[in-house]
Each structure stands twice: as C-alpha cells, then as structure tokens.
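Heads up: the structure comes next, in structure tokens.
These numbers were taken from a predicted model, which means no experiment stands behind them.
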Amino acid sequence: MNNAPESGAKTTNFIHQIVENDLMEGRNNKRIHTRFPPEPNGYLHIGHAKAICLDFGTAEKYGGKCNLRFDDTNPSKEDQEYVDSIQEDVRWLGFDWEDRLYYASDNFDKLYEFAVELIKRGKAYIDDQPADVISEQRGTPTRPGIESPYRNRSVEENLMLFEKMKAGEFPNGHCVLRAKIDMASPNMHMRDPLMYRIIHAEHHRTGNKWSIYPMYDFAHGECDYFEGITHSLCTLEFEIHRPLYDWFVNELATSEYRPRQIEFSRLNLTYTMMSKRKLLQLVEEKLVSGWDDPRMPTICGLRRRGYTPESIRNFVEKVGITKTEGIIDVALLEHSVREDLNKTAQRVMGVLNPIKVVITNYPEGKVEMMEAINNPEDESMGTRQVPFTRELYIEREDFMEEPPKKFFRLSPGAEVRLRYAYFITCNEVIKDEQGNITELRCTYDPASYGGNSPDGRKVKATLHWVSATENVEAEIRLYDRLLMVQDPSEYKDVDFRDMLNPESLKVLKKCYIEPFVYNAKPLSHFQFERMGYFCVDTSSTTEKMVFNRTVSLKDTWAKQQNQ
RNA sequence: UGUCCUGUGGUGUAAUUGGCAACACGCCUGACUCUGGAUCAGGAAAGUGAAGGUUCGAGCCCUUCCAGGACAACCA
C-alpha cells in the first residue's frame, strides 16, 4: 500500500496510469525506478525540465527512486562543463538523486563483456566495410537492406578483431561491431544496428582507456538494466527504437525483471527554439551573451531572467504529458511566473523611463519617509519606508499633454495619487527648444499624506514614483522573444538566424529605483509596481545595479492602446 | 511503397473506461481596487479528422478512409 499515490497527488497522465497498472500487476516486485539520462553535450533547457519533472516526479509520486545518469558514450561531443551545469540545474529545479549519480561510462567494462558474449552467441559480428557502404546496404524505409559480406565470420575471427578494436590497433572508422538481427526488418533500427565504433578521443572520465565506444541503442537499455530501472521515459523520436531496446535487454536479462521504455512528446514553445544544436550555435556565434543569456530557453537562462523553480515546475504540470505533438503558448510559461511571483515578490517602486516632477509647494531639502506595503498578497512581509522629496521621477508614459478619453493618468490640470505619498496636480509643462517635455511642475495636497483622501475625493490613477535625490540608479534590461516567428518548425528552409528578433534586448541605462533595493543579492526577485517583475542580474554590483525584467505585469491600458 | 505513432474550442490537457464534452492559458464584458496588477462575477469559442456501423445511447467499441509526424548518423 505504500506504493499507492500520495493523497492529494496532482494531475495524472497516461504514464502514471501505466505505472499504476504495473504496480497492480506486481511487475518488477512493485519497484518504481526511473532515471534522467542527459548527454553532457549542452546545457539543459525548458524541454529537459519537462523530462526532469516527469522522471523525478513519477518516482516521488510512487515512492520510488530516480537516478541521474550521464549518457556519455560519445567523447567527441561531451564535456565536463556540461556535466557540472546539468547537475546544478537539476538541483536548482528542486530534485535530488541522492547518491545515485551514474555515468554510462561506469558500465564500459560490463558493456564490453556483454558484447563479447553476444559475439560468442553468434549474435554480433565485426563489419569491415566503410560507413557509406554499410549505409547503402541498410536499404530504405520502404526497401529491405542486404546482408554484409562479413556477416557470417567465425566467432573466433570476430573475437580476435573485436579485441584488436579495443586494443586501439585500428584507426577511426576501420570497422564496427554490429548486432546480427534482420536486414529485412521493416524497422530500420533492427537492420544489424551498430553496437561499437572506433573513436580515438579522450573521454572526460575514462581518459584514453578506450578506443571503442558503445552506441546509444546498445548502451542505453543495458545501463537501464544495470541500474535496475523499471520505467525508462523518453521522447517520441525513440519510439521506433523500442523493439531494439527490448531486443538488447532480452539478450542480457537473466531474470523476470525488465525495464520498460515509454515515450512522450517533447515540449515545444511558441517563439522559442529548443534544438541543442541551434542553442549552441547562438552561443558560439555570440548572438547571445552565453548559455545563461536571459533570452535563452535554457534553465540557467530562465534562472537569470528571474524564473523560479516553482514556476517552472507548475508550468510543466499544466502542460501535461501525452503523445500528441503540439506547441505550447509561451503565455502559459509567463502566466506561471506571474502567478508565483505575485504571491512572493517584494514590491518596490522603480521608474524605467523617467521624467522629472517638481512639487512646487513642497519644501526644498525636506525628506519624508512614507510607509509602503511590501506585498499586499502576503501581510507577513510587512512594510518599508520610502523617501519622498520635492523633486521626483515618474514614468514618462504616465503623463500626456493631450490625453485621450480613456487615459486617466497625469495630464495638465489633472489630479492623481502618488502611491503611498500625496495627491498631486499638474500645473505646468516645461519643454526644451525641440519641444520635448523635460519637467512637470505640480502642487501637492498636504492633507492627502500617505496617499489617503480624508475628504473622500477620488482620483482615477495611482502612479509609482521615485525621489530624484534619494534613489538607486540602475541599468534595466528589457527582454522580448528571441524569435519573431511563432512556430519556427514551419520554416525549416529558413536560417533561424534570419528569424531572430533584433529588438529582443533593450537596455535602459538610467533608471531610478527606491533605496530599498540597494545591495539586493543577485537573482533576488522584485515586483516594480505597475511595471512588472524584475530580478537582480548576476553581473549586478553595489556600484552599478543591473536588473532583468522577468516579465511585465498584465497591462490592460497597453492592450487598449494596441487595438 | 513499408513499419510505428498521433488527430477533442485559438493553444494545451481532461472526460468515473458506453451516459448531457470539463479545466487551464489566451480573448471579451462588468465589479472592486492606493498597482489599469491581484481578486471576483460573467461571456464568446469545440460537438471530438471524415464516412459508415453496433447500441436506447459513441469522443470512447468495429470498419474503411483522410491528414500530420517519426524512422535510411560510425549522434543521443
């Protein structure tokens, strides 16, 4: 009964139903053991987050375990840098593999032994033909392949050649080890698939010990078996590999235990590119500042952008697990952060595009501390003091000299509230020679101290503001979608670099934030009231603070404007 | 001229395994508000890829068809 799903468990999906059914039938002694098997050849992205939540989440839900396993069978592409970043990202997302950190390379010896065993059983052979000939003989999806002339070599000769391959006596590509299955199979993957190839390269863990490395199809299922995995969850493109996965596992199995591969659809997001290759290209060609550029869909990019682990986990939960291939609206991701940050983020006032306001009837040199609520959604976060002075900054967009009917912010003659401070009325607009507004002259009502209205007078708008003298000057980076097209997969023949949004990054150099943010730690979250959620950038210093806009607040006024 | 997989509002996911198609995002109204945020109330939007069949009754079962995707790396 301890394998039963916890009460209050969230959503279910077809994989959980399979798991529950396996549990009911008593498969594999009612053990549930999953694994997350990244190849360390790039940084993790939001698509991996889906897999991570599924792998670790399923184990957690059914009282099982989940391993972290690096699928490091190709030394020419893999690197320790990626091994490190992947662990950091999985941990940051909130998952724990305890002492179960594994590498496919842990099993290189066992894999070799097993390959030898298959040769002895007459189920594997060395093929001396070059890659293009083997490829040619494989046929096409609609036409069967033909057998290699080396297919029926003697076991002794195969053993001897395999030994030489291992000993490094052959150059790259000289020969390969193939499983002997069925060259006429309608499934291309069963047409004598490669098991080992020669790669003379230094491996990040085994160094120069090996000159042959196992292929994915051979290594993956066997590693699952060695680790006692029961449910091997992967994406749809491996569906057609499943018969081969089962073939290798059945050859190896010595008991009733069997790992089982189940496929689900990968995550696609609108205006987002998820291919590792292209993300690598963005980094290498310096089209972005790095893997953690806040515009990147990588976990580290999202983290630097200000996304929280909770928001990503909730997002994945909402997306669900199925086998249908679709594309999720980024708006759902954005909704997930807003939902989380609304409940948790410290409120603060910050002006991104400042225009000066002088309160002409307010004493020069006076500084009043106004009490402000830190988070109206969470009273326990308390209040803070915000300095108010004669000269202030407000948002340029909050003033219009000739306001349209539905604009109820500041305009000549209009009265608005400065949040937590006073009601002010604009009396005069100062402009430079070019006609640009440089300053607004206003008067305040002392009776409205704190932003209250003792006489019950209503104002239609409340504006955020920052003292022109008591503030933190900061740089603020605004991000927009990296791609201009909603679904890049519809433009397969277009170079993705031509689809990049040239305005994906806007840097605002002189922004003013209330003093509260001074010294805030990198990656801390704030809501700049009325503007959005912001996060202290990792490059931020006390001398020069830098903020990233995670996501804007919903803005019904802006929406009306666009109509 | 193959094998495997997938078709439910704009998007994503559900439907007690045959019983009035639900939820979320997005969109639109309105209320409230010291954030044009949040919250609250309401609305538009699919008849389930198509056609047949079984049944009192089909998104769920059967048949045929259509559309889309995956598979021919010494990548994973």
Side-chain angles (χ1 to χ4, degrees), chain A residues 11-13 37-39 41 71-74 76-78 104 127 130-132 134-145 172-178 185-191 194-199 212-213 215-217 219-220 234-243 263 265 270 276-277 315 318-336 338-339 342-343 347 349 372-373 376-377 406-409 416-421 423 448 450-453 459-464 527-532 552-560:
Chain A
T11 53
T12 187
N13 57 56
E39 182 188 11
N41 67 344
D71 219 331
D72 55 350
T73 56
N74 187 351
S76 54
K77 289 185 177 175
E78 296 149 7
D127 195 334
D132 55 327
I134 291 178
S135 170
E136 183 80 12
Q137 291 171 349
R138 193 152 18 226
T140 70
T142 54
R143 194 190 310 275
N172 286 355
H174 182 80
C175 55
V176 293
L177 180 69
R178 291 227 256 171
S185 170
N187 183 335
M188 299 278 299
H189 294 276
M190 300 299 274
R191 322 239 261 229
L194 271 58
M195 292 172 62
Y196 271 95
R197 77 289 214 196
I198 298 168
I199 301 177
I212 55 173
Y213 291 88
M215 300 287 291
Y216 166 85
D217 284 307
H220 197 88
C234 63
T235 44
L236 251 27
E237 66 270 30
F238 294 104
E239 203 156 31
I240 201 154
H241 294 237
R242 197 183 337 131
E263 313 83 14
S265 63
T270 55
K276 267 190 185 179
R277 206 200 96 243
F315 167 71
K318 280 182 240 232
V319 162
I321 303 291
T322 63
K323 298 187 72 156
T324 60
E325 297 177 87
I327 182 163
I328 279 112
D329 195 335
V330 268
L332 186 61
L333 216 212
E334 294 175 343
H335 167 262
S336 300
R338 287 196 187 100
E339 189 181 43
N342 176 49
K343 288 181 296 192
R347 267 58 167 180
M349 291 193 285
I373 294 166
E377 304 290 321
K406 285 222 162 184
F407 182 88
F408 26 85
R409 275 113 94 146
V416 298
R417 169 169 37 232
L418 292 181
R419 181 144 229 228
Y420 301 126
F423 283 16
S448 62
N452 299 309
S453 175
V459 285
K460 281 192 278 184
T462 298
L463 309 185
H464 63 278
Q527 183 197 100
F528 290 1
E529 293 211 29
R530 303 208 306 135
M531 301 307 288
S552 65
L553 243 28
K554 276 206 212 163
D555 188 342
T556 53
W557 165 245
K559 196 172 283 176
Q560 284 175 39

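Across B/A72, B/A76, B/G36, the shortest atom-to-atom separation from the side chain of A/E237 is found for B/A76. Among B/A76, B/C71, B/C4, the nucleotide with an atom closest to any side-chain atom of A/M188 is B/C71. Residue A/M215 has its side chain nearest to B/C74 when only B/C74, B/G36, B/G26 are considered. Relative to the side chain of A/L553, the nucleotides B/U35, B/U1, B/C5 differ in distance, and B/U35 lies closest. Of all nucleotides listed (B/G36, B/C75, B/A76), B/C75 comes nearest to the side chain of A/I199. For A/V176, counting side-chain heavy atoms from C-beta on, the closest listed nucleotide (B/C75, B/C74, B/U3) is B/C74. Comparing B/U35, B/U1, B/C25 against the side chain of A/L332 picks out B/C25 as the nearest. With B/G36, B/C71, B/G69 as the choices, the nucleotide that has an atom nearest any side-chain atom of A/W557 turns out to be B/G36. Side-chain atoms of A/T324 lie closest to B/G7 of the nucleotides B/U35, B/G7, B/A38. Nearest nucleotide to the side chain of A/R138, out of B/G37, B/C74, B/A72: B/C74.
Comparing A/R242 and A/P141 along RNA chain B, the residue whose closest nucleotide (by nearest heavy atom) sits nearer the 5' end is A/P141. Heavy-atom nearest nucleotides on RNA chain B were determined for A/P186 and for A/R417, and the one closer to the 5' end corresponds to A/P186.
Here the closest non-hydrogen pair linking A/P243 and A/N187 is CG-ND2, 3.6 Å. A pairwise comparison of heavy atoms in A/M190 and A/S185 identifies CB-OG, 3.5 Å as the closest pair. Heavy atoms only, all atoms of each residue included: A/Y216 and A/H241 are closest at CE2-ND1, 4.4 Å. Shortest non-hydrogen contact noted between A/T324 and A/S265 is O-OG, 2.9 Å.
Residue side chain A/E377 reaches the base of B/G37 through a donor-acceptor N/O pair under 3.5 Å, judged by distance alone. Residue A/R143 places no side-chain atom within donor-acceptor reach of the base of B/U1, judged by atom type and a 3.5 Å distance cut-off alone.
The partner of B/A41 is B/U29, by the rule that a Watson-Crick or G-U pair needs both atom distances under 3.5 Å.
Computed from coordinates, the A/Q527 CD to B/A38 P distance equals 10 Å when rounded to whole Å. Computed from coordinates, the A/I198 CD1 to B/C75 C1' distance equals 17 Å when rounded to whole Å. One atom, CG of A/L236, and another, P of B/G68, lie 18 Å apart when rounded to the nearest Å. Distance, A/I327 CD1 to B/G10 P: 16 Å, rounded to whole Å. Put simply, CD1 on A/I321 is 15 Å from P on B/U6, counting in whole angstrom units.
A/K406 comes within 4.0 angstrom of a base, heavy atoms only. Residue A/P38 is out of contact with every strand shown, counting any heavy-atom pair closer than 4.0 Å. A/F528 comes within 4.0 angstrom of no nucleic acid atom, judged by non-hydrogen atoms across all strands. Nucleic acid contact class of A/E334 (heavy atoms, under 4.0 Å, all strands): none. Looking at heavy-atom distances under 4.0 Å, A/N41 makes no contact with the nucleic acid at all. Residue contacts for A/R409: at a heavy-atom cut-off of 4.0 Å it reaches a base atom on one of the strands shown. Here A/N342 lies in heavy-atom contact (under 4.0 Å) with a base. Residue contacts for A/P37: at a heavy-atom cut-off of 4.0 Å it reaches no nucleic acid atom on any strand shown. Heavy atoms of A/Y196 sit nowhere under 4.0 angstrom from any nucleic acid atom. A/L418 comes within 4.0 angstrom of nothing in the nucleic acid, heavy atoms only.
Look at A/H464 and you won't find any side-chain N or O under 4.0 angstrom from OP1 or OP2 of B/U35. Look at A/R530 and you'll find a side-chain N or O under 4.0 angstrom from OP1 or OP2 of B/G36. Applying the 4.0 Å criterion to OP1 and OP2 of B/U13, one finds that A/T322 has a side-chain N or O inside that range. For the pair A/K323 and B/G69, the criterion of a side-chain N or O lying under 4.0 Å from OP1 or OP2 is not met. For B/C25, the OP1/OP2 oxygens have no side-chain nitrogen or oxygen of A/S336 closer than 4.0 Å. Regarding contacts with the backbone of B/A73, a side-chain N or O of A/S135 is found under 4.0 angstrom from either OP1 or OP2. Taking only side-chain nitrogens and oxygens, A/T270 never comes nearer than 4.0 Å to OP1 or OP2 of B/U11.
Taking the C1' atoms as reference points, B/A67 lies 26 Å from B/G26, given to the whole Å. Using atom P as the reference point in both B/C5 and B/C61, the two lie 15 Å apart (nearest Å). For the C1' atoms, the distance linking B/G49 with B/U6 amounts to 11 Å, nearest Å. Taking atom P on both B/U35 and B/C20, the two are 44 Å apart, rounded to the nearest angstrom.
With its glycosidic angle within 90° of 0, B/U17 is assigned syn.
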| task | I would like to know whether A/N74 and A/Y213 meet side chain to side chain contact (heavy atoms under 4.5 Å, CB included); could you show each step before the answer? | result | CA-CA 7 Å; A/N74 187 351; A/Y213 291 88; over 6 Å; no
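Classification of A/E239 and A/K323 as a salt-bridged pair holds, one side-chain N sitting under 4.0 Å from a carboxylate O.
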